[in-house]
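For clarity, every value in this text was computed on a predicted model and none was experimentally measured.
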Amino acid sequence: MGPQSQNTSLQRLHLVEKRIVRVLELAGLVMDELANSTGPRSDALTSHCREFMESIRDIQVTLRDEIKSACEYRPFEKCDYNARISNEICCKKLEYVIEKLDDMKQSIEQCKDGN
(Lines give C-alpha, C1' and ligand atoms only; values in the text may rest on other atoms or scores of the structure.)
Protein backbone atom coordinates (compact mmCIF):
# COMPACT_ATOMS: atom_id res chain seq x y z
CA MET A 1 0.00 0.00 0.00
CA GLY A 2 1.82 3.04 -1.25
CA PRO A 3 1.31 6.66 -0.24
CA GLN A 4 -1.29 7.09 -2.99
CA SER A 5 -3.40 4.14 -1.84
CA GLN A 6 -3.06 5.25 1.79
CA ASN A 7 -4.33 8.67 0.76
CA THR A 8 -7.33 7.24 -1.08
CA SER A 9 -8.00 4.94 1.86
CA LEU A 10 -8.07 7.93 4.19
CA GLN A 11 -10.38 9.71 1.77
CA ARG A 12 -12.75 6.73 1.74
CA LEU A 13 -12.72 6.59 5.54
CA HIS A 14 -13.42 10.33 5.67
CA LEU A 15 -16.46 9.76 3.41
CA VAL A 16 -17.60 6.96 5.71
CA GLU A 17 -17.38 9.36 8.62
CA LYS A 18 -19.59 11.83 6.72
CA ARG A 19 -22.06 9.03 5.93
CA ILE A 20 -22.22 8.08 9.60
CA VAL A 21 -23.07 11.68 10.48
CA ARG A 22 -25.77 11.63 7.80
CA VAL A 23 -27.17 8.36 9.20
CA LEU A 24 -27.45 9.98 12.61
CA GLU A 25 -29.20 12.96 11.05
CA LEU A 26 -31.64 10.61 9.33
CA ALA A 27 -32.34 8.83 12.60
CA GLY A 28 -33.09 12.21 14.15
CA LEU A 29 -35.39 13.13 11.27
CA VAL A 30 -37.29 9.87 11.70
CA MET A 31 -37.64 10.51 15.43
CA ASP A 32 -38.90 14.04 14.72
CA GLU A 33 -41.37 12.67 12.20
CA LEU A 34 -42.62 10.05 14.66
CA ALA A 35 -43.00 12.71 17.36
CA ASN A 36 -44.96 15.01 15.03
CA SER A 37 -48.15 16.12 16.76
CA THR A 38 -50.20 15.60 13.59
CA GLY A 39 -48.76 12.13 13.14
CA PRO A 40 -45.91 10.89 11.00
CA ARG A 41 -45.99 11.40 7.24
CA SER A 42 -45.65 8.01 5.63
CA ASP A 43 -43.77 9.27 2.57
CA ALA A 44 -41.21 11.12 4.71
CA LEU A 45 -40.68 8.08 6.94
CA THR A 46 -40.27 5.82 3.92
CA SER A 47 -37.79 8.18 2.28
CA HIS A 48 -35.71 8.64 5.44
CA CYS A 49 -35.71 4.93 6.25
CA ARG A 50 -34.73 4.00 2.68
CA GLU A 51 -31.81 6.46 2.72
CA PHE A 52 -30.85 5.25 6.20
CA MET A 53 -30.68 1.60 5.11
CA GLU A 54 -28.78 2.40 1.90
CA SER A 55 -26.27 4.46 3.85
CA ILE A 56 -25.80 1.71 6.43
CA ARG A 57 -25.16 -0.81 3.64
CA ASP A 58 -22.65 1.52 1.93
CA ILE A 59 -20.86 2.12 5.23
CA GLN A 60 -20.62 -1.62 5.89
CA VAL A 61 -19.27 -2.36 2.41
CA THR A 62 -16.67 0.41 2.57
CA LEU A 63 -15.52 -0.52 6.07
CA ARG A 64 -15.31 -4.20 5.13
CA ASP A 65 -13.17 -3.31 2.10
CA GLU A 66 -10.92 -1.03 4.15
CA ILE A 67 -10.43 -3.66 6.85
CA LYS A 68 -9.62 -6.28 4.21
CA SER A 69 -7.17 -3.90 2.55
CA ALA A 70 -5.52 -3.10 5.88
CA CYS A 71 -5.14 -6.81 6.66
CA GLU A 72 -3.44 -7.39 3.30
CA TYR A 73 -0.98 -4.53 3.90
CA ARG A 74 2.61 -5.75 4.32
CA PRO A 75 4.83 -2.75 5.08
CA PHE A 76 8.11 -4.70 4.93
CA GLU A 77 7.20 -7.02 2.07
CA LYS A 78 9.61 -5.38 -0.38
CA CYS A 79 12.24 -4.54 2.19
CA ASP A 80 15.68 -5.99 1.48
CA TYR A 81 17.03 -5.45 4.99
CA ASN A 82 17.32 -9.17 5.85
CA ALA A 83 19.08 -9.95 2.58
CA ARG A 84 21.50 -7.05 3.00
CA ILE A 85 22.33 -8.01 6.59
CA SER A 86 22.86 -11.63 5.58
CA ASN A 87 25.21 -10.52 2.80
CA GLU A 88 27.16 -8.27 5.17
CA ILE A 89 27.53 -11.12 7.67
CA CYS A 90 28.72 -13.45 4.90
CA CYS A 91 31.27 -10.86 3.77
CA LYS A 92 32.59 -10.46 7.32
CA LYS A 93 32.87 -14.25 7.66
CA LEU A 94 34.76 -14.43 4.35
CA GLU A 95 37.10 -11.64 5.44
CA TYR A 96 37.79 -13.57 8.65
CA VAL A 97 38.44 -16.82 6.74
CA ILE A 98 40.79 -15.01 4.30
CA GLU A 99 42.64 -13.47 7.24
CA LYS A 100 43.07 -16.88 8.84
CA LEU A 101 44.20 -18.42 5.53
CA ASP A 102 46.77 -15.64 5.16
CA ASP A 103 47.98 -16.39 8.70
CA MET A 104 48.25 -20.08 7.83
CA LYS A 105 50.14 -19.26 4.63
CA GLN A 106 52.61 -17.14 6.59
CA SER A 107 53.07 -19.92 9.13
CA ILE A 108 53.71 -22.46 6.36
CA GLU A 109 56.24 -20.14 4.69
CA GLN A 110 57.99 -19.59 8.02
CA CYS A 111 58.18 -23.34 8.55
CA LYS A 112 59.67 -23.82 5.08
CA ASP A 113 62.21 -21.08 5.64
CA GLY A 114 63.11 -22.52 9.00
CA ASN A 115 63.85 -26.00 7.61
Side-chain angles (χ1 to χ4, degrees):
M1 182 185 300
Q4 183 65 27
S5 61
Q6 286 175 341
N7 190 30
T8 57
S9 179
L10 289 176
Q11 290 169 346
R12 285 189 298 267
L13 290 173
H14 182 70
L15 288 175
V16 165
E17 181 182 10
K18 287 182 176 183
R19 286 185 192 144
I20 290 170
V21 169
R22 177 64 183 152
V23 162
L24 293 174
E25 289 172 352
L26 287 168
L29 290 172
V30 168
M31 295 301 292
D32 286 344
E33 196 62 42
L34 290 172
N36 191 345
S37 60
T38 60
R41 295 174 298 162
S42 178
D43 58 332
L45 280 177
T46 301
S47 173
H48 294 325
C49 288
R50 181 177 293 117
E51 186 180 348
F52 178 89
M53 293 307 292
E54 288 172 0
S55 294
I56 290 292
R57 187 189 65 234
D58 291 344
I59 289 168
Q60 286 176 328
V61 168
T62 304
L63 288 178
R64 188 177 300 120
D65 290 344
E66 289 305 312
I67 290 169
K68 181 181 175 189
S69 175
C71 291
E72 292 171 351
Y73 177 54
R74 305 275 190 264
F76 301 110
E77 187 173 89
K78 295 180 182 174
C79 179
D80 65 344
Y81 176 78
N82 286 337
R84 284 188 298 117
I85 291 300
S86 293
N87 286 340
E88 286 183 36
I89 291 171
C90 286
C91 286
K92 293 295 180 186
K93 286 179 179 180
L94 286 173
E95 287 173 6
Y96 179 77
V97 167
I98 290 171
E99 181 184 319
K100 293 302 171 187
L101 286 173
D102 285 342
D103 290 347
M104 289 172 63
K105 182 180 176 183
Q106 284 179 351
S107 294
I108 291 171
E109 287 175 358
Q110 287 175 355
C111 286
K112 283 183 182 178
D113 290 342
N115 288 334

Hydrophobic cluster partners of Met104 (side-chain heavy atoms under 4.5 Å)
Val97, Leu101
Within-4.5 Å side-chain heavy-atom neighbours: [X] and [Y]:
{"X": "Arg22", "Y": "Lys18", "result": "no"}
{"X": "Ile89", "Y": "Lys93", "result": "yes"}
{"X": "Gln11", "Y": "Leu15", "result": "no"}

Look up atom [atom1] in [X] and atom [atom2] in [Y], then write down how far apart they are to the nearest 0.5 Å.
{"X": "Leu63", "Y": "Leu13", "atom1": "CG", "atom2": "CG", "result": "7.0 Å"}
{"X": "Glu54", "Y": "Arg19", "atom1": "CD", "atom2": "CZ", "result": "11.5 Å"}
{"X": "Thr46", "Y": "Arg50", "atom1": "OG1", "atom2": "CZ", "result": "6.5 Å"}
{"X": "His48", "Y": "Glu51", "atom1": "NE2", "atom2": "CD", "result": "8.0 Å"}
{"X": "Gln60", "Y": "Asp65", "atom1": "CD", "atom2": "CG", "result": "11.5 Å"}
{"X": "Arg12", "Y": "Ser69", "atom1": "CZ", "atom2": "OG", "result": "6.5 Å"}

Using the side-chain contact (heavy atoms from CB on, under 4.5 Å) rule, take Ile67 and Arg64 through it: C-alpha gap first, then chi angles, then the decisive distance, then the call.
CA-CA 5 Å; Ile67 290 169; Arg64 188 177 300 120; 5.9 Å; no
Spell out, yes or no, whether Leu29 and Ile20 are grouped together once hydrophobic residues are joined by side-chain heavy atoms under 4.5 Å, including indirect joins.
yes
Using the rule that two of Ile, Leu, Val, Met, Phe, Trp, Tyr join whenever any of their side-chain heavy atoms come within less than 4.5 Å, decide whether Val16 and Ile56 are in one cluster.
yes
For a side-chain contact (heavy atoms from CB on, under 4.5 Å) check, start with the C-alpha distance between Glu17 and His14, then their side-chain angles and the critical distance, and finish with the verdict.
CA-CA 5 Å; Glu17 181 182 10; His14 182 70; 3.8 Å; yes
Where is the tightest heavy-atom contact between Val23 and Phe52, given as atom of each residue plus distance?
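Nearest heavy atoms, Val23 then Phe52: CG1-CE1, 3.1 Å.
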May I ask you to decide if Asp103's main-chain N or O and Ser107's side chain share a donor-acceptor pair within less than 3.5 Å?
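Checked: pair present.
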